[in-house]
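Since the structure is predicted, the reported quantities are computational estimates derived from the model, not experimental observations.
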Amino acid sequence: MGSMAPSVVFSPGELADALGALRASTPLVQVLTNTVVTNFTANVLLAAGASPAMADVPGEAGGFASVASAVLVNLGTPNSEQRAAMAEAVAAANAAGTGWVLDPVAVGSLRVRTDFALGLRDLTPTVIRGNASEIMVLAEAGSGGRGVEATDTVDSAAAAARALALRSGAVVAVSGEADLVTDGTRTVYVHGGSKMLTLVTGGGCALGAICAAFLPVVKDPLLAAVAAHAFYSAAAERAAAASSGPGSFAVHFLDALHALSPADLAATAVLS
């Protein structure tokens, strides 16, 4: 993408400052995520400048959440033990005033995770991140996509996203060709990125972890989510330009997350 378009909400300098603050503080992100993406998510957080901790065992998850900088709850493979750990972590995070991200993977036709996600929705997540179909299910405005794939567009989910944000109190982020991020009253579109992210296992799930990493370093959760998406999109674009396919993209993407500077982010992010 070209230089940054004028944003009605955030400036390039605010995005740069957010990334600089992340790198300066190395936030400790507790990750309760699915078994398919655990390794990739940890590597993405390390490359970005955060510190990952995959503490998802009942009896430990709550204690860890009380000292973590932020928490990610991803429902990709929610077995009963992990659901218990997630409930512990969310309760502890809320008690400690720690921000947490809900990623409602594949909710809709799969009842166990859908019922669990609807319960978590009402426990004051700081950010809810998903694809258009997942967000519409949590807003009770849709029936879900095809597995982890969206069958709805970002534009068709926009009203549901704003309604979900107002109902839950969370910032809601909808991933797509242009990502929509809203707190119910303010809405920002983040442009750019690469379709290669959809060909790498964990491309969307790890974005939830990056949203969590930005939460403790800025006061405004909307800015945190927008900065996370802009940073991710900029790194994906840089990686795609150097790649010949999904395998080399994954390697270049980790390198780009590590190399992208605050000045790079300010120069390349495109918001509207």
Side-chain angles (χ1 to χ4, degrees), residues 9 18 27-34 50 53 55-56 58 60-76 78 82-105 107 112-131 134-142 157-175 179-188 205 207-229:
V9 180
L28 175 61
V29 181
Q30 182 182 9
V31 179
L32 300 96
T33 192
N34 70 78
D56 63 353
E60 294 182 352
F64 201 91
S66 67
V67 299
S69 306
V71 177
L72 168 67
V73 174
N74 174 297
L75 304 185
Q82 196 179 53
R83 295 200 304 277
M86 290 171 174
E88 271 187 27
V90 167
N94 283 341
T98 300
W100 63 280
V101 177
L102 172 62
D103 190 337
V105 179
V107 293
V112 170
R113 72 185 60 205
T114 301
D115 292 344
F116 189 59
L118 290 171
L120 292 176
R121 175 199 61 188
D122 297 330
L123 296 177
T124 63
T126 315
V127 174
I128 300 172
R129 189 221 72 84
N131 65 40
E134 293 162 350
I135 293 302
M136 291 179 72
V137 169
L138 282 198
E140 300 181 34
R162 286 190 284 270
L164 177 60
L166 293 174
R167 170 178 178 159
S168 66
V171 167
V172 175
V174 188
S175 296
D179 303 319
L180 180 153
V181 188
T182 182
D183 62 4
T185 56
R186 299 174 294 170
T187 298
V188 179
C205 296
L207 175 55
I210 292 296
C211 288
F214 274 93
L215 283 179
V217 303
V218 295
K219 292 182 179 179
D220 185 345
L222 183 69
L223 173 59
V226 169
H229 283 73

Residues in side chain to side chain contact (heavy atoms under 4.5 Å, CB included) with [X], at least two apart?
X: L123; answer: V90, N94, W100, L120
X: A209; answer: T41, L45, L72
X: D115; answer: R111

field: side chain to side chain contact (heavy atoms under 4.5 Å, CB included) partner of L102, the single match among T126, V127, L75, T124
entry: L75
query: What residue pairs, at least two apart or across chains, pass salt bridge (Lys or Arg N to Asp or Glu O under 4.0 Å) with a residue in residues 83-101?
result: none
Which atoms form the tightest heavy-atom contact between [X] and [Y], and what is the distance?
X: G130; Y: I135; answer: N-CD1, 3.9 Å
X: S175; Y: L207; answer: OG-CD2, 3.8 Å
X: A84; Y: P58; answer: CB-CG, 4.1 Å
X: P216; Y: P27; answer: CG-CB, 3.8 Å
X: V71; Y: A93; answer: CG2-CB, 4.3 Å
X: A92; Y: A65; answer: CB-CB, 3.9 Å

Roughly how far apart are [X] [atom1] and [Y] [atom2], rounded to 0.5 Å?
X: E134; Y: I128; atom1: CD; atom2: CD1; result: 11.5 Å
X: R167; Y: D122; atom1: CZ; atom2: CG; result: 5.5 Å
X: L32; Y: D56; atom1: CG; atom2: CG; result: 5.5 Å
X: M136; Y: N131; atom1: CE; atom2: CG; result: 11.0 Å

- prompt: Listed by chain and number, what are the salt bridge (charged side-chain N to carboxylate O under 4.0 Å, His left out) partners of D183, not counting sequence neighbours?
  reply: R186
- request: With sequence neighbours excluded, tell me which residues meet salt bridge (charged side-chain N to carboxylate O under 4.0 Å, His left out) with E60.
  value: none
message: Let's go through L164 and R121 carefully: what are the C-alpha distance in whole Å and the side-chain angles of both, what is the deciding distance for side-chain contact (heavy atoms from CB on, under 4.5 Å) to 0.1 Å, and is it a yes or a no?
response: CA-CA 9 Å; L164 177 60; R121 175 199 61 188; 3.7 Å; yes
Looking at side-chain heavy atoms only, is the closest gap between [X] and [Y] below 4.5 Å?
X: P125; Y: V101; answer: no
X: R113; Y: P104; answer: no
X: L118; Y: L138; answer: yes

Exam field: side chain Q82 to backbone T33, donor-acceptor pair closer than 3.5 Å: yes
